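Only one structure is covered here, and it is reproduced in the block below.
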Amino acid sequence: MTSSARPLLNRRLAEFGTTIFAEMSALALSTGAINLGQGFPDTDGPEEIREAAVRALRDGRGNQYPPGPGVPELRTAVTAHQQRRYGLSYDPDTEVLVTAGATEAIAAALLALLEPGDEVIAFEPYYDSYAACIAMAGGRRVPVTLRAHEDEGRFRLDLDELRDAVTDRTRLLLINTPHNPTGTVLTRAELAAIAELAVERDLLVVTDEVYEHLVFDDAEHVPLATFPGMRERTVTISSSGKTFSFTGWKVGWVTGAPELVTAVRSAKQYLTYVSAGPFQYAVAEALSLPESYFTGFHADMLTKRDLLAAGLAEAGFRVYRPSGTYFITTDIRPLGESDGFAFCRGLPERAGVVAIPNAVFYDHREEGAPFVRFAFCKRTEVLQEAVKRLKA
């Protein structure tokens, strides 16, 4: 036990306590509520991919330390996926790095690329690990707010606000599209403007594209690295968890120019070093699944999105129907509420459903106060029961 009066947790992390996900999941357990808060499926992914992991375990592949950059089979599968989907060519030996999920990839990228005091622009609301990772790297986060447009039914980026946020201290843009939690998918025109700004101001870019296969309606996912001048300055991050419904495997990857991937690997090797050996072989097979898997997965999630969106609207929420991800953001003000924290903490007892207050994803908490996020990556019967409870 230390006798010092100095706080044990350093100042950079002092603002980050227990995550809202832990709090709300505990509430779900204690009340028996349906948990639509945390974004993980309640069913496993394809049986053949699970069996691929079992086969790798039995064959002794990956039971010891895998190669630092990741097993060659997975790195090759990642490059084939990027080429097939987006026309992006990467060298599997020098331009791909396997990580312990996208979260580690983000942490390693920021630790590698930032000097203390560097500014990082991120779109708020943002995944809560962004703020913590920027803090651990000694950077300074600069939020640019995605604002709700009721007439469009979506959250939209103000490109002028983004441009005004760039200063001489800005080092990096942290971009997430499809965007968690708002469900916004940046348009080709918006991405082109971001690319132009990055080139003009000589900025590095880290893109979180983990929901790349969950894009709905007329939206399209276009990697920022495909735009002129961006491949050499962009660290592209994705993972297997959201697409194949094995979130516990924690298999992600980084693609980028050799010098960027080398920098990220320099930090990553002192975090987990390596991870998920047998699962890497299984994910390599998953990325090579026939197109019918991806279209079926997409169709299933689209049906679930529409089911929950309609139910939330009928229950009185203002619904921002997402163009991507498996989250729906709602406005609780039509229900006579305005405090998302209080609403979500009371909802398990009132309705037997758990959601997440979006304010936790904002630096400007007042901007997110009336918004609440629900996940629809659950079984259909679970969503139907949740809708029934909310309507009642």
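Just so we're clear, the structure is a prediction, and the values are computed from it rather than from any experiment.
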Flag if over 12 foreign heavy atoms under 6.0 Å of [atom1], [X]:
| X | atom1 | answer |
| --- | --- | --- |
| Asp151 | CG | yes |
| Glu152 | CD | yes |
| Glu196 | CD | no |
| Asp164 | CG | yes |
| Glu220 | CD | yes |
| Glu259 | CD | yes |

Does [X] pair with [Y] as a salt bridge, N-O distance under 4.0 Å?
| X | Y | result |
| --- | --- | --- |
| Glu124 | Arg365 | no |
| Arg140 | Asp118 | no |
| Glu314 | Lys388 | no |
| Asp42 | Lys378 | no |
| Arg156 | Glu190 | no |
| Glu119 | Arg171 | no |
| Arg163 | Glu200 | yes |
| Arg333 | Glu337 | no |
| Arg75 | Asp93 | yes |
| Lys250 | Glu104 | no |
| Arg141 | Glu15 | yes |
| Asp306 | Arg321 | yes |

If the plane angle is over 60° it's perpendicular, under 30° parallel, otherwise tilted; pick one for Phe376 and Tyr326.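 Ring orientation, 0 to 90° scale: perpendicular.
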Give the ring-plane orientation class for Phe294 versus His81, where under 30° counts as parallel, over 60° as perpendicular and anything between as tilted.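 Phe294 vs His81 ring planes: tilted.
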Dump the intermediate steps for side-chain hydrogen bond (donor to acceptor under 3.5 Å, both in side chains) on Thr182 and His179, then the final yes or no. CA-CA 6 Å; Thr182 68; His179 183 265; 2.8 Å; yes
Measure the shortest side-chain to side-chain distance between [X] and [Y] over non-hydrogen atoms and say whether it is less than 4.5 angstrom.
| X | Y | result |
| --- | --- | --- |
| Leu308 | Phe374 | yes |
| Asp331 | Phe317 | no |
| Gln280 | Arg61 | no |
| Val206 | Leu173 | no |
| Ile356 | Phe327 | no |
| Asn180 | Tyr126 | no |
| Val261 | Thr255 | no |
| Thr207 | Thr177 | no |

When clusters are formed by joining ILVMFWY residues with side-chain heavy atoms under 4.5 Å apart, either directly or through shared neighbours, do [X] and [Y] land in the same one?
| X | Y | result |
| --- | --- | --- |
| Phe227 | Leu162 | yes |
| Val210 | Leu214 | yes |
| Val71 | Leu57 | no |
| Tyr127 | Ile134 | yes |
| Val96 | Phe244 | yes |

Which residues, ordered by chain and number, are linked to Tyr273 in its hydrophobic cluster, where ILVMFWY side chains connect at heavy-atom gaps below 4.5 Å, directly or through other members?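 Its cluster mates, by chain and number, are Tyr65, Val274.
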[X] side chain to [Y] backbone, donor-acceptor under 3.5 Å:
| X | Y | answer |
| --- | --- | --- |
| Thr79 | Pro92 | no |
| Glu285 | Ala282 | no |
| Thr303 | Ala299 | yes |

Rounded to the nearest 0.5 Å, what separates atom [atom1] in [X] from atom [atom2] in [Y]?
| X | Y | atom1 | atom2 | answer |
| --- | --- | --- | --- | --- |
| Leu287 | Thr243 | CG | OG1 | 8.0 Å |
| Asp128 | Thr103 | CG | OG1 | 8.5 Å |
| Arg305 | Ser323 | CZ | OG | 7.0 Å |

Shortest non-hydrogen separation from [X] to [Y] and the atoms involved:
| X | Y | result |
| --- | --- | --- |
| Ala33 | Val354 | CB-CG2, 3.9 Å |
| Pro46 | Leu289 | CG-CD1, 4.2 Å |
| Pro181 | Arg373 | CB-CD, 3.3 Å |
| Pro278 | Gly62 | CD-O, 3.2 Å |
| Met230 | Ala195 | CG-CB, 3.5 Å |
| Ala375 | Leu383 | O-CD2, 4.1 Å |

Any luck finding a side-chain donor-acceptor pair between [X] and [Y] under 3.5 Å?
| X | Y | value |
| --- | --- | --- |
| Glu209 | Ser238 | no |
| Gln38 | Ser25 | yes |
| Asn358 | Thr329 | yes |

What's the verdict on salt bridge (Lys or Arg N to Asp or Glu O under 4.0 Å) for Glu51 and Arg55, showing C-alpha distance, side-chain angles and the deciding distance? CA-CA 6 Å; Glu51 286 305 308; Arg55 189 171 65 249; over 6 Å; no
Start with the C-alpha gap between Arg147 and Glu161, add the side-chain angles, then the distance that decides, and say whether salt bridge (Lys or Arg N to Asp or Glu O under 4.0 Å) holds. CA-CA 11 Å; Arg147 304 193 189 280; Glu161 187 176 342; 3.3 Å; yes
Derivation and outcome, side-chain hydrogen bond (donor to acceptor under 3.5 Å, both in side chains), residues Asp208 and Tyr130: CA-CA 10 Å; Asp208 177 352; Tyr130 291 0; 2.6 Å; yes
By ring-ring contact (aromatic ring centres under 6.0 Å, His included), which residues pair with His221, not counting sequence neighbours?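 Scan of His221 (ring-ring contact (aromatic ring centres under 6.0 Å, His included), adjacent residues dropped) gives Tyr86.
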Mind jotting down which residue pairs meet the ring pair (Phe, Tyr, Trp, His ring centres under 6.0 Å) criterion with at least one end in residues 139-177? Sequence neighbours excluded, please.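 Of all non-adjacent pairs touching residues 139-177, those that pass ring pair (Phe, Tyr, Trp, His ring centres under 6.0 Å) are Phe155-Tyr320, Phe155-Phe371.
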Which is it for Thr236 and Thr234 under the side-chain hydrogen bond (donor to acceptor under 3.5 Å, both in side chains) test, yes or no, and what are the steps along the way? CA-CA 6 Å; Thr236 302; Thr234 302; 5.7 Å; no
Could you please spell out the steps behind the salt bridge (Lys or Arg N to Asp or Glu O under 4.0 Å) verdict for Asp168 and Arg201? CA-CA 9 Å; Asp168 292 340; Arg201 301 301 296 268; 3.6 Å; yes
